[in-house]
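Worksheet: one structure, shown below.
In what follows, chains carry the letters A, B, and so on, assigned in the order in which the sequence lines appear, proteins first and then strands, with residues in each chain numbered from 1.
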Amino acid sequence: MPELPEVETVRRVLETELTGRTITEIVVRTPTFYRPPPRAALTGLIGKTVTGFSRRGKFLSLLAGERSLVLHLGMSGRLTLTDRPAGNRSVKHCRFEIGFGGKTLRFVDPRRFGRVGGPLPKFGPEPLDPAFTPDFLKAAFQGRKAAIKALLMDQGVLAGLGNIYATEALFRAGIRPSRPAGRLRRAELESLHEAIRFVIREGIRLRGSTLDDEAFLDPYGKPGGFQNRVCIYGRREGACGHSLAKTKRPIASRSAVYCPVCQK
DNA sequence: TTAAATTCCTGTAAGC
DNA sequence: TGCTTACAGGAATTTA
């Protein structure tokens, strides 16, 4: 599922491939989005030239001068580049296509959790921004009783972490996902800060993580490499050699995996 | 203010 | 084998 490193990987590819190209065609293939895209936001792009792509957290924005189009991949969304013309009806789960005269950008989203258009929500800092510091974590967690993992995945606290990178960062920092955030000690905040930056940087460097066949692929259709560096996510035994445990209760309504030996 | 629960959806896995 | 059920996930929304 796309988290910050995956979205950043997509952003870099699209910026390289599409900047300077002019949008010639918009094909909305399935009008049955969970949140239907404002048609005008899409069709208004016709004739505009792409000036770049930006990313905030897991949100991606296509920039075309004054106009922009916000995209979120949800959990199964994929942006695919093809040399085929738009309008191929045999592509399954294709929600819309943007034609660039010879190149086509497809938004394919089987589970329809993806979003198109609309404003960006409020975010916490980017993990690789200088504003993200151990002191920031201390202030953000002050007095909070919620599980640390829930806060790490709260985009309003810190932008870009999802289940995979939060799980990995907590393992590397030796902190159990169920710990109340406000009770972390200074040394733990420091190693957590370091661990978050490490997994995000590695995730970007390795072009995201592709954990199974249906998982993330970049716009060329290429898998990422971070799955080979994963220590506990999706594994039965941790990279530490210990067998992993699940928290009794889900955290932020999803199961949380940890190493009962290494994570205190 | 915070936090927990609910909702969207469908491919996959597990259970019978 | 075929059917049913449970589950997974991110974020907006609702409820406590």
Side-chain angles (χ1 to χ4, degrees), chain A residues 1-10 29-38 55-61 70-79 91-96 107-124 126-127 137-170 177-184 200 203 208-217 224 226-227 230 232-236 244 246-258:
Chain A
M1 54 273 5
E3 302 179 25
L4 191 158
E6 289 75 27
V7 179
E8 177 62 19
T9 300
V10 171
R29 288 277 305 286
T30 311
T32 54
F33 277 82
Y34 166 40
R35 294 262 182 278
R55 181 194 56 74
R56 187 76 171 90
K58 305 173 197 171
F59 285 77
L60 188 64
S61 295
V70 173
L71 300 166
H72 193 290
L73 299 173
M75 67 167 289
S76 64
R78 194 176 287 173
L79 286 163
V91 180
K92 272 191 179 170
H93 310 302
C94 179
R95 306 302 165 194
F96 71 86
F107 186 86
V108 177
D109 184 21
R111 294 189 195 176
R112 296 167 55 183
F113 273 29
R115 279 135 208 250
V116 179
L120 286 172
K122 296 262 181 282
F123 293 103
E126 293 282 323
L137 282 181
K138 188 185 174 200
F141 295 164
Q142 187 73 250
R144 302 287 301 261
K145 291 174 185 167
I148 177 66
K149 182 163 177 247
L151 289 198
L152 289 185
M153 293 192 298
D154 183 338
Q155 305 299 298
V157 173
L158 183 62
L161 295 205
N163 209 358
I164 299 173
Y165 293 93
T167 297
E168 290 298 305
L170 285 167
S178 54
R179 288 272 300 281
R183 299 235 190 89
L184 295 186
I200 292 296
S209 40
T210 305
L211 283 137
D212 55 63
D213 297 339
E214 286 299 312
F216 167 78
L217 297 174
F226 187 75
Q227 66 278 6
V230 157
I232 63 170
Y233 187 89
R235 297 173 56 144
R236 277 191 65 246
L244 301 173
K246 249 183 196 173
T247 53
K248 287 194 186 72
R249 294 176 189 188
I251 296 172
S253 61
R254 56 193 69 96
S255 65
V257 177
Y258 66 98

- Message: Please find the pair of heavy atoms, one from A:Ala147 and one from A:Pro177, that lie closest to each other, and give the distance.
- Response: CB-O, 3.4 Å

- Message: Tell me the interatomic distance from A:Tyr165, atom OH, to C:dG9, atom C1', rounded to whole angstroms.
- Response: 15 Å

- A:Lys58 NZ - C:dG9 P separation (whole Å): 11 Å

- Test side-chain hydrogen bond (donor to acceptor under 3.5 Å, both in side chains) applied to A:Gln227 - qualifying residues, sequence neighbours left out: none

- Does A:Lys145 put a side-chain nitrogen or oxygen below 4.0 Å from OP1 or OP2 of B:dT2? no

- The side chain of A:Arg112 lies closest to which of these nucleotides: B:dT10, C:dA12, B:dC8? B:dT10

- Message: Keeping A:Thr210 on the side-chain end and A:Phe216 on the backbone end, is there a donor-acceptor pair under 3.5 Å?
- Response: yes

- Task: Would you please confirm or rule out a distance under 4.0 Å between OP1 or OP2 of C:dA11 and any side-chain N or O of A:His72?
- Result: yes

- Message: In this structure, how many angstroms lie between the P atom of B:dC9 and the CG atom of A:Leu73, rounded?
- Response: 19 Å

- If you look at every strand shown and take non-hydrogen atoms under 4.0 Å, does A:Pro121 touch a base, only sugar-phosphate, or nothing? sugar-phosphate

- Item | ring pair (Phe, Tyr, Trp, His ring centres under 6.0 Å) against A:Phe59, all qualifying residues, sequence neighbours excluded | A:His72, A:Phe123

- For atom CG of A:Asp109 and atom P of B:dG11, their distance in whole Å: 11 Å

- Query: Side-chain contact, heavy-atom cut-off 4.5 Å: A:Ile148 with A:Arg183?
  - Reply: no

- Of residues 152-160 of chain A, the positions that come close to DNA chain C - non-hydrogen atoms, cut-off under 4.0 Å: A:Gln155

- Query: Any chance CZ of A:Arg235 has more than 12 other-residue heavy atoms, nucleotides or ligands included, within less than 6.0 Å?
  - Reply: yes

- CD1 of A:Ile164 versus P of C:dG9: gap in Å, rounded? 9 Å

Distance-only criterion, 3.5 Å: show the donor-acceptor pairs between side-chain atoms of residues 156-164 of chain A and protein atoms not counting sequence neighbours.
residue: A:Asn163; atom: OD1; partner: A:Lys149; partner atom: NZ; Å: 2.6
residue: A:Asn163; atom: OD1; partner: A:Thr167; partner atom: OG1; Å: 3.3

- Please report, rounded to the nearest Å, how far the P atom of C:dT13 is from the CZ atom of A:Arg115. 8 Å

- Message: Can you tell me if A:His93 touches the phosphate of B:dG11, counting only side-chain N or O atoms and a distance under 4.0 Å to OP1 or OP2?
- Response: yes

Polar atom pairs between nucleotides 5-8 of chain C and protein, under 3.5 Å, N or O only, would you list them?
residue: C:dA8; atom: N3; partner: A:Arg111; partner atom: NH1; Å: 3.4

- Message: So, using ring pair (Phe, Tyr, Trp, His ring centres under 6.0 Å) as the criterion, who are the partners of A:Tyr165 when residues are at least two apart?
- Response: A:Phe226

- Task: Mind calculating the distance between NZ (A:Lys149) and C1' (C:dG10) to the nearest angstrom?
- Result: 12 Å

- Item | Between P of C:dG9 and CZ of A:Phe216, the distance in whole Å | 18 Å

- Item | Heavy-atom closest pair, residues A:Gly114 and A:Asp109 | N-OD2, 2.8 Å

